[in-house]
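These notes are about the structure you will find just below.
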There are 2 protein chains.
Amino acid sequence: MEFPPDVYVWQAVADEIKRRIKAGQYQPRMPIPAERRMAEEFGVAVNTVRRAVAVLREEGVLMTLPAKGTFVAPIVDVEQDPSAD
Amino acid sequence: MEFPPDVYVWQAVADEIKRRIKAGQYQPRMPIPAERRMAEEFGVAVNTVRRAVAVLREEGVLMTLPAKGTFVAPIVDVEQDPSAD
DNA sequence: CTCTATTTGTACGTATGTATG
DNA sequence: TCATACATACGTACAAATAGA
C-alpha cells in the first residue's frame, strides 16, 4: 500500500513536459500544446495538466500568455540536446 | 453581470476569512471551519475555498495540517497590535 | 466589423485516498 | 469501525482574450 504515490499524476505530466523540452520536441520560445490537448494526449484531466504547467511556470520553465498559449521559456536550465533536432 | 469581476469568488472568500480574523471570530492558533463547511456556508465550490485558503497560506495568514485542519497563524499581520506581546 | 475557432482563467461538482480522532 | 478533514484527480461549463476568415 503506497501512501503518497511515488509520483503524482501532475508530477508525471510535468516531468514528461520537461523531458520533451530536453529532447528538443518543445523548443524555447515555441508554444506547447494546449492544456486540453495535452490532457487528452496524456489521458488525464485538464486540471492535472494545469497544475503541472503551473509548477513549471513557477520553475521558470514555461511562460503562459492568457488566451494565447503556454510557451517554453527562452532560457531553460533544463539540459538541452542540440543534436536532437 | 460584470465581466472581469471586481473580485473573484475565491478572492471574496479569502477576504471574508481575513475579515473574520480581524474581527476576532477566527483567532490565532484556532482552527477555521473545514473547507466543505465553508463551501456550503459561502455557497461556493470546495475548490474555490481551497484556492482562497491556498492564497492565505502563502500569505502566512493560515497554516494547514493535513487531515487535521486549517488554522489561523499564531501571528498575522492582518491584526497589527503592537501592545500584544 | 462580425463571426468563428482556439486557448487560458475561473468556477462548480464529484470521487477516492490518507491521516486523524 | 466510523466520521472528519485535507490532497489529489477527474469531469464539465462558461467567460474573456486572441487571431484569422
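Below, chain A is the first sequence line, B the second, and so on; all start at residue 1. Please read these numbers as outputs of a predicted model, since none were measured by experiment.
With sequence neighbours excluded, no residue satisfies salt bridge (charged side-chain N to carboxylate O under 4.0 Å, His left out) with A/Arg51. Partners of B/Met30 by side-chain contact (heavy atoms from CB on, under 4.5 Å), not counting sequence neighbours, listed by chain and number: B/Gln27.
Follow the hydrophobic side-chain contacts under 4.5 Å out from B/Val9 and you reach B/Leu56 in the same cluster. Follow the hydrophobic side-chain contacts under 4.5 Å out from A/Phe42 and you reach A/Val53 in the same cluster.
What separates CZ of B/Phe42 from P of C/dA11 is a distance of 14 Å, to the nearest Å. Summarising the geometry, the separation between CZ on B/Arg51 and C1' on C/dG13 is reported as 15 Å, rounded to the nearest angstrom. Here the P atom of nucleotide C/dT6 and the CD1 atom of A/Ile32 are 18 Å apart, to the nearest Å. Distance A/Arg50 CZ to D/dA7 P: 19 Å, rounded to the nearest Å. Rounded to an integer number of Å, the gap from CH2 of A/Trp10 to C1' of D/dT8 is 10 Å.
Not one side-chain nitrogen or oxygen of B/Thr70 sits closer than 4.0 Å to the OP1 or OP2 atom of D/dA5. Between A/Thr64 and C/dT8 there is no side-chain polar atom (N or O) within less than 4.0 angstrom of OP1 or OP2. Residue B/Thr48 places none of its side-chain N or O atoms closer than 4.0 Å to OP1 or OP2 of C/dT10.
Heavy atoms of other residues, nucleotides or ligands lying less than 6.0 angstrom from CZ of B/Arg37 number 12 at most.
Counting side-chain heavy-atom gaps under 4.5 Å among Ile, Leu, Val, Met, Phe, Trp and Tyr, the cluster of B/Phe71 also holds B/Leu65.
Looking at every heavy atom in both residues, A/Pro33 comes nearest to A/Met38 through O-CE, 3.3 Å.
The stretch residues 33-41 of chain A comes close to DNA chain C through A/Ala34, A/Glu35, A/Arg36, each having a heavy atom under 4.0 Å from the strand.
Taking every side-chain heavy atom of A/Arg57 into account, C/dG9 is the closest of C/dA11, C/dG9, D/dT8.
Of the residues near DNA chain D, A/Ala45 and B/Leu65, the one whose nearest nucleotide (by heavy atom distance) lies more toward the 5' end is B/Leu65. With the nearest nucleotide of DNA chain D identified for both A/Asn47 and A/Ala67, A/Asn47 has the one nearer the 5' end.
Sorted by first and then second residue, the pairs that involve residues 39-49 of chain A and meet side-chain hydrogen bond (donor to acceptor under 3.5 Å, both in side chains), not counting sequence neighbours, are A/Arg20-A/Glu41. Identified under the salt bridge (Lys or Arg N to Asp or Glu O under 4.0 Å) test for residues 25-36 of chain A, with sequence neighbours left out: A/Glu35-A/Arg50.
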Any N/O pairs under 3.5 Å between the protein and nucleotides 19-21 of chain D? List them or say none.
residue	atom	partner	partner atom	Å
D/dA19	OP1	A/Lys68	NZ	3.1

